[in-house]
Asks: 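Mind looking over this structure? Questions follow.
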Amino acid sequence: MKDRLDRLLKATIDECFEKNVLKRTPLPDYVIEIPNNPAHGHFATNLPMTLASVQHRSPREIASVIRDHLKNEDGFLENSEVAGPGFINFFVTAREWHRILSSIIDLKDDYGRSGAGSGQRVLVEFVSANPTGPLHLGHGRGAALGDTLCRLLSFCGYDVAREFYINDAGRQIHILGESIFSRFKQINNPEYPFPKNGYHGDYVLGLAKTISEQIDLETLSDGDAVHECSKMGKELMLKEIRQDLKRFGVDFDFWYSENDLLSSGLLKNTLETLKGNGLLYEQDGALWIRTADFGDDKNRVLKKMDGQFTYFASDISYHLEKHDRGFDRAIDIWGADHHGYIPRMKAALLSCGVPKDWLSVMLIQFVKLWRRGQEIRMSKRAGTFVTLQELLDEVGVDAARFVFLTKSHDSQLDFDIDLVKKQDSDNPVYYVQYAHARICSILRKAAEAGITMPDKTDGILDLVSLDEEMALIRTMAQFPIILTEICKTTEPHRLTYYLTELASSFHKYFNLGTKIPENRIITSKKDLSQARLLLVAGVRTVIANGLRLLGISAPQKM
RNA sequence: GCGCCUGUAGCUCAGCUGGAUAGAGCAGCGGACUUCUAAUCCGCAGGCCGCAGGUUCGAAUCCUGCCAGGCGCGCCA
């Protein structure tokens with residue numbers, strides 16, 4: 001609709017040039033926007049104001065000229081007006097809005113789907129938690145963000161893959177094994193030393209018990225036992241992580257193991273490539289990469305004095321491999337504490353000829369947990385953290401996902417468990433779900449009353465005419481636009497706000513009927529009722545589609 | 001010291017590429033259920049948009065400098 005208005009506007013300007021009522025100048029950047037205040041039209045443009053300086057005339061004067069020559073093809077516009085400092089406000093005819101409602105009803109689950117991404121292949125890597133402990137709140141935020149982003153991208157025509165990178169090759173896995181083994185020993189000997197930097201969480205004892213039931217650790221040498229504990233502990237944790245994510249509604253397409261990266265010789269190949277490009281050198285007994293030549297603060301070590309590779313080395317290899325797999329773009333979702341890694345990662349990729357904007361990194365700021373008005377400090381090493389499991393047990397998947405997505409990822413999130421737990425009006429997720437359930441209930445009631453949905457929407461939709469009804473349609477019309485914008489800016493949180501706004505418009509509309517019977521959805525007039533049923537069915541469709549993209553259920557009853 | 005993020009109502013936060021009177025939820029006060037779900041709605045109150053400059057016809061939004069908070073600046077993972 002906006003595009004149509006833009007074409008109309010451009011045609012109008014051309015005519016003004018032809019007729020010499022405006023000086024022929026290049027068009028400056030202008031916008032067509034949806035004003036906050038409905039009194040300012042369905043759409044408004046600032047074009048006259050942007051033209052003022054090149055035309056050397058007042059904005060309002062230019063606005064009048066444009067308005068007077070407006071090409072109103074097919075009666076698209078109901079009205080237009082010059083307003084404020086030099087805006088032109090446009091009002092579109094009801095018929096056009098009815099058409100949009102009609103298309104929502106036809107498209108159903110597909111309303112909002114688009115080809116905006118034109119099949120671009122995107123790899124989104126997120127969560128990627130070390131398999132040394134259960135997922136916690138912070139991972140939950142990353143999971144909700146990443147998964148919803150993927151759902152959105154996919155709906156908007158991108159070819160998306162979800163990937164979880166498993167850090168299963170480093171020393172922390174060994175420390176996990178030591179921690180498990182130590183807990184095992186402590187069952188019979190409480191004095192048995194616990195490793196420095198060990199993992200203190202209660203789950204470690206659980207792992208020790210499970211593992212010792214499966215194999216007899218006592219018969220092995222300590223070294224072998226620790227090795228077994230590492231291997232099995234990692235597998236058990238990974239299994240648990242998968243289950244948690246599944247419960248949270250997140251399915252990954254790929255689980256990429258760092259171990260595989262090493263054993264398949266990919267890291268070696270990467271080093272060969274880097275060496276071939278003259279990017280490596282040795283100093284102080286270590287192997288370095290010249291990332292400083294590509295925008296990093298300083299050069300970085302790839303291989304330590306002790307012969308071990310750094311994480312950075314396998315990370316480079318991993319990302320180059322992603323690129324080789326043919327993805328047009330990669331999106332990584334990292335914790336905010338990793339932000340210092342962005343320049344070096346980008347530098348390394350650039351040094352291998354991968355364009356700068358191929359990888360985008362989204363940082364998620366920390367989640368602070370509040371309970372009974374107190375902040376709960378979280379530390380994985382110390383074992384004081386709230387797991388995703390515990391969170392889901394307490395508040396459920398829907399509320400958790402919604403709350404994680406109500407804040408922009410780059411601002412810190414205060415997660416108040418008590419607030420989210422409340423199953424009442426305090427919780428915005430229920431507000432949106434309630435609107436959906438309410439509509440379902442109305443449709444059931446209508447069916448009971450024998451009011452059927454008409455096959456054809458033509459003509460009947462003309463009965464949809466109240467201000468509140470037209471406002472609902474206009475909000476629904478924004479849905480596809482919001483979705484493509486979210487994909488462009490990678491800001492899924494905007495969807496929760498949009499849905500809350502739509503639900504609010506609906507609830508407001510519904511309540512008109514509590515005062516005035518003629519304003520109820522099911523009225524004494526059959527055709528009017530049918531028209532309104534079509535309208536609310538459209539609202540239900542948009543809410544359902546939105547909730548689906550958020551990975552949240554749309555209940556029929558509440 | 002350097003870098004990234006944040007600073008908007010009592011609290012938690014939105015505010016789309018600069019636009020017309022800065023929004024929502026919670027908390028507070030006052031109202032609306034014999035009739036489609038009151039997990040709802042309506043009204044009132046509440047704001048030097050951290051501070052100071054600058055760019056612009058126009059700035060919460062862009063630029064610069066300060067102030068405050070969070071997080072990083074390893075041959076740790």
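So that the names make sense, note that chain A is the first sequence line, chain B the second, and so on, each numbered from 1.
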Asks: Looking across every strand, which nucleic acid part, if any, lies under 4.0 Å from A44(A) by heavy atom: base, sugar-phosphate, or nothing?
Replies: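 If one applies the 4.0 Å heavy-atom cut-off, A44(A) turns out to touch a base.
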
Asks: Please state whether the base of rG72(B) and the side chain of H338(A) form at least one donor-acceptor pair under 3.5 Å?
Replies: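 Check fails, no donor-acceptor contact within cut-off.
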
Asks: As a test of reading the structure: which of rC71(B), rA20(B), rC36(B) is closest to the side chain of N89(A), going by heavy atoms?
Replies: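 Among the listed nucleotides, the one closest to the side chain of N89(A) is rA20(B).
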
Asks: Taking the minimum atom-to-atom distance to the side chain of K407(A), which one of rU12(B), rC16(B), rG72(B) wins?
Replies: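 Output: rU12(B).
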
Asks: Report the C-alpha separation of F126(A) and F164(A) in whole Å, then their side-chain angles, then the decisive distance to 0.1 Å, and conclude whether the ring pair (Phe, Tyr, Trp, His ring centres under 6.0 Å) test is met.
Replies: CA-CA 6 Å; F126(A) 58 108; F164(A) 186 114; 8.4 Å; no

Asks: Rounding to an integer number of Å, can you tell me how far K557(A) NZ sits from rC36(B) P?
Replies: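 K557(A) atom NZ is separated from rC36(B) atom P by 16 Å.
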
Asks: So A52(A), base contact, sugar-phosphate only, or nothing? Heavy-atom distance under 4.0 Å.
Replies: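 Nothing, no nucleic acid heavy atom in range.
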
Asks: Tell me whether K2(A) is salt-bridged to D6(A), with the criterion being a basic N under 4.0 Å from an acidic carboxylate O.
Replies: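 The answer is no: the pair does not qualify as a salt bridge.
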
Asks: D410(A) has an atom CG; how far is it from atom P of rG69(B), in whole Å?
Replies: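 Taking atom P of rG69(B) as the reference, CG of D410(A) is at 20 Å.
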
Asks: Has R171(A) got more than 12 heavy atoms of other residues, nucleotides or ligands less than 6.0 Å from its CZ?
Replies: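 Counting other residues, nucleotides and ligands, CZ of R171(A) stays at 12 neighbours or fewer.
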
Asks: Side chain of R438(A) only, please: which of rA38(B), rU12(B), rC16(B) is the nearest?
Replies: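 Closest of the options to the side chain of R438(A): rA38(B).
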
Asks: Do we count F87(A) as stacking onto rA20(B) if the rule is ring centres under 5.5 Å and planes under 30°?
Replies: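 Yes, F87(A) stacks on the base of rA20(B), since the ring centres sit under 5.5 Å apart and the planes are within 30°.
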
Asks: Got a sec: does the NZ of K508(A) have more than 12 other heavy atoms crowding it under 6.0 Å?
Replies: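 Check fails, neighbour count at 12 or below.
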
Asks: Where the side chain of W288(A) is concerned, which of rC13(B), rC75(B), rA39(B) is the nearest nucleotide?
Replies: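 Among rC13(B), rC75(B), rA39(B), the one nearest the side chain of W288(A) is rC75(B).
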
Asks: Using the P atom as the point on both nucleotides, what is the distance between rA59(B) and rG53(B), in whole Å?
Replies: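 That atom pair is separated by 14 Å.
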
Asks: Which part of the nucleic acid, if any, lies within contact of D306(A), taking any heavy atom under 4.0 Å across all strands shown: a base, the sugar-phosphate backbone alone, or nothing?
Replies: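 Since no nucleic acid heavy atom lies under 4.0 Å of D306(A), the category is nothing.
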
Asks: When you measure from the side chain of Q412(A), which nucleotide among rG70(B), rA20(B), rC36(B) comes out closest?
Replies: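 Comparing rG70(B), rA20(B), rC36(B) against the side chain of Q412(A), the answer is rG70(B).
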
Asks: Using a 4.0 Å heavy-atom cut-off, does R494(A) contact any base of the nucleic acid, only the sugar-phosphate backbone, or nothing at all?
Replies: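 Contact class for R494(A): base.
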
Asks: Within the sub-3.5 Å range, which N or O atoms of nucleotides 55-62 of chain B have a protein N or O partner, and how far apart are they?
Replies:
none

Asks: State plainly whether the residues R7(A) and D3(A) are in salt-bridge range, i.e. N to O under 4.0 Å.
Replies: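 No, this pair does not count.
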
Asks: Have a look at rC11(B) and give me syn or anti from its glycosidic angle (syn if within 90° of zero).
Replies: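 Glycosidic conformation of rC11(B): anti.
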
Asks: Check every strand shown and say whether Q556(A) touches a base, only sugar-phosphate, or nothing at a heavy-atom separation below 4.0 Å.
Replies: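 Base contact - Q556(A) has a heavy atom under 4.0 Å of at least one base atom.
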
Asks: So which nucleotide from rC75(B), rU17(B), rU21(B) ends up closest to the side chain of V31(A)?
Replies: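 Within the option list, the nearest is rU17(B).
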
Asks: If you only use heavy atoms from C-beta on, which nucleotide in rU35(B), rA38(B), rC71(B) is closest to the side chain of D337(A)?
Replies: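 Side chain of D337(A) sits closest to rC71(B).
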
Asks: So what does A435(A) hit on the nucleic acid, given a heavy-atom distance under 4.0 Å: a base, only sugar-phosphate, or nothing?
Replies: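 The residue A435(A) makes no contact with any strand.
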
Asks: Return yes if a side-chain donor-acceptor contact under 3.5 Å exists between D332(A) and H319(A), otherwise no.
Replies: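 Side chains of D332(A) and H319(A): pair found under 3.5 Å.
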
Asks: Can you name the one residue among T148(A), L413(A), L145(A), L550(A) that meets side chain to side chain contact (heavy atoms under 4.5 Å, CB included) with F404(A)?
Replies: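 Exactly one candidate clears the test, L413(A).
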
Asks: In whole Å, what is the span from the CG atom of D296(A) to the C1' atom of rG3(B)?
Replies: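 The answer, rounded to whole Å, is 11 Å.
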
Asks: Have a look at S411(A) and say if it touches a base, only the backbone sugar-phosphate, or nothing, with a 4.0 Å heavy-atom cut-off.
Replies: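 S411(A): backbone/sugar contact only, no base atoms under 4.0 Å.
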
Asks: Between T496(A) and rA14(B), is there a contact of a side-chain N or O with OP1 or OP2 at under 4.0 Å?
Replies: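 So the side chain of T496(A) is outside the cut-off, no N or O lying under 4.0 Å from OP1 or OP2 of rA14(B).
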
Asks: Just wondering, are more than 12 heavy atoms of other shown residues or ligands nearer than 6.0 Å to NZ in K356(A)?
Replies: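 No.
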
Asks: Between I442(A) (CD1) and rC36(B) (P), how many Å, whole number?
Replies: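 So the CD1-P distance, I442(A) to rC36(B), works out to 10 Å.
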
Asks: Indicate, with a heavy-atom threshold strictly under 4.0 Å, whether S408(A) touches base, sugar-phosphate, or nothing.
Replies: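 Sugar-phosphate contact only - S408(A) comes under 4.0 Å of backbone atoms but never of a base.
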
Asks: Tell me: CZ of R520(A) to P of rA32(B), nearest whole Å?
Replies: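 Whole-Å distance recorded here is 19 Å.
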
Asks: Using the ring pair (Phe, Tyr, Trp, His ring centres under 6.0 Å) criterion, which residues pair with H409(A)? Sequence neighbours excluded.
Replies: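 H409(A): no ring pair (Phe, Tyr, Trp, His ring centres under 6.0 Å) contacts found.
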
Asks: Do the charged groups of E81(A) and R67(A) touch, with an N to O distance under 4.0 Å?
Replies: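 Judged by the 4.0 Å cut-off on N to carboxylate O distance, E81(A) and R67(A) do not form a salt bridge.
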
Asks: In this structure, how many angstroms lie between the P atom of rG19(B) and the CG atom of N37(A), rounded?
Replies: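 Rounding to the nearest Å, CG of N37(A) and P of rG19(B) are 15 Å apart.
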
Asks: Among rC76(B), rU12(B), rA20(B), which nucleotide sits nearest the side chain of R171(A)?
Replies: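 Looking only at side-chain atoms, R171(A) lies closest to rC76(B).
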
Asks: Specify the residue among D284(A) and E491(A) whose closest nucleotide of RNA chain B lies further upstream toward the 5′ end.
Replies: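 That would be E491(A).
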
Asks: In terms of the nearest nucleotide of RNA chain B, which residue is placed more toward the 5' end: V301(A) or L363(A)?
Replies: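 The 5'-side residue here is L363(A).
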
Asks: Within the structure shown, what part of the strands sits under 4.0 Å from K488(A) by heavy-atom distance: base, sugar-phosphate, or nothing?
Replies: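 Counting heavy atoms under 4.0 Å across all strands, no contact is made by K488(A).
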
Asks: In whole angstrom, what separates N511(A)'s CG from rA39(B)'s C1'?
Replies: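 Value for this atom pair: 12 Å.
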
Asks: Compute the ring centroids of Y431(A) and H507(A), then answer whether they are less than 6.0 Å apart.
Replies: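 Close enough - the centres of the two rings lie under 6.0 Å apart.
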
Asks: Check the side chains of S408(A) and D410(A) for a donor-acceptor pair under 3.5 angstrom, ignoring hydrogens and angles.
Replies: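 Side chains of D410(A) and S408(A): pair found under 3.5 Å.
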
Asks: As a test of reading the structure: which of rU40(B), rC73(B), rC4(B) is closest to the side chain of Y431(A), going by heavy atoms?
Replies: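 Within the option list, the nearest is rU40(B).
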
Asks: E468(A) near the nucleic acid: base, sugar-phosphate alone, or nothing, with a heavy-atom cut-off under 4.0 Å?
Replies: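 Nothing: the residue E468(A), judged by heavy atoms under 4.0 Å, touches no strand.
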
Asks: Please determine whether a side-chain nitrogen or oxygen atom of K508(A) lies at a distance below 4.0 Å from atom OP1 or OP2 of rU40(B).
Replies: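 Result: no.
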
Asks: Pick base, sugar-phosphate or nothing for A449(A), based on heavy-atom distances below 4.0 Å to the nucleic acid.
Replies: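 No contact at all - A449(A) keeps every heavy atom at 4.0 Å or more from the nucleic acid.
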
Asks: With the criterion set at under 5.5 Å between ring centres and under 30 degrees between planes, would rA20(B) be stacked on H40(A)?
Replies: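 Check passed, H40(A) stacks on base of rA20(B).
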
Asks: With rounding to the closest Å, how many angstrom separate the P atoms on rU6(B) and rC75(B)?
Replies: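 About 29 Å, rounded to a whole number of Å.
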
Asks: Of the candidate nucleotides rA20(B), rC36(B), rU40(B), which contains the atom at the shortest distance from the side chain of H507(A)?
Replies: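 Of all the options, the side chain of H507(A) is nearest to rU40(B).
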
Asks: What pair of heavy atoms forms the shortest contact from P35(A) to H40(A), and how long is it?
Replies: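 Closest heavy-atom pair between P35(A) and H40(A): CG-O, 3.3 Å.
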
Asks: Whether H493(A) contacts rG15(B) is assessed here as follows: a side-chain N or O lying under 4.0 Å from the phosphate OP1 or OP2. Is that the case?
Replies: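 Yes, H493(A) has a side-chain N/O under 4.0 Å of OP1/OP2 on rG15(B).
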
Asks: Represent RNA chain B in dot-bracket notation, 5' to 3'. Only Watson-Crick or G-U wobble pairs with both distances under 3.5 Å count; pseudoknot-style crossings use [ ] and interstrand partners use |.
Replies: (((((((..((((.....[...)))).(((((.......))))).....(((((..]....))))))))))))....

Asks: Grab the CD1-P distance between I439(A) and rU40(B) for me, whole Å please.
Replies: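 After rounding, the gap between these two atoms is 15 Å.
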
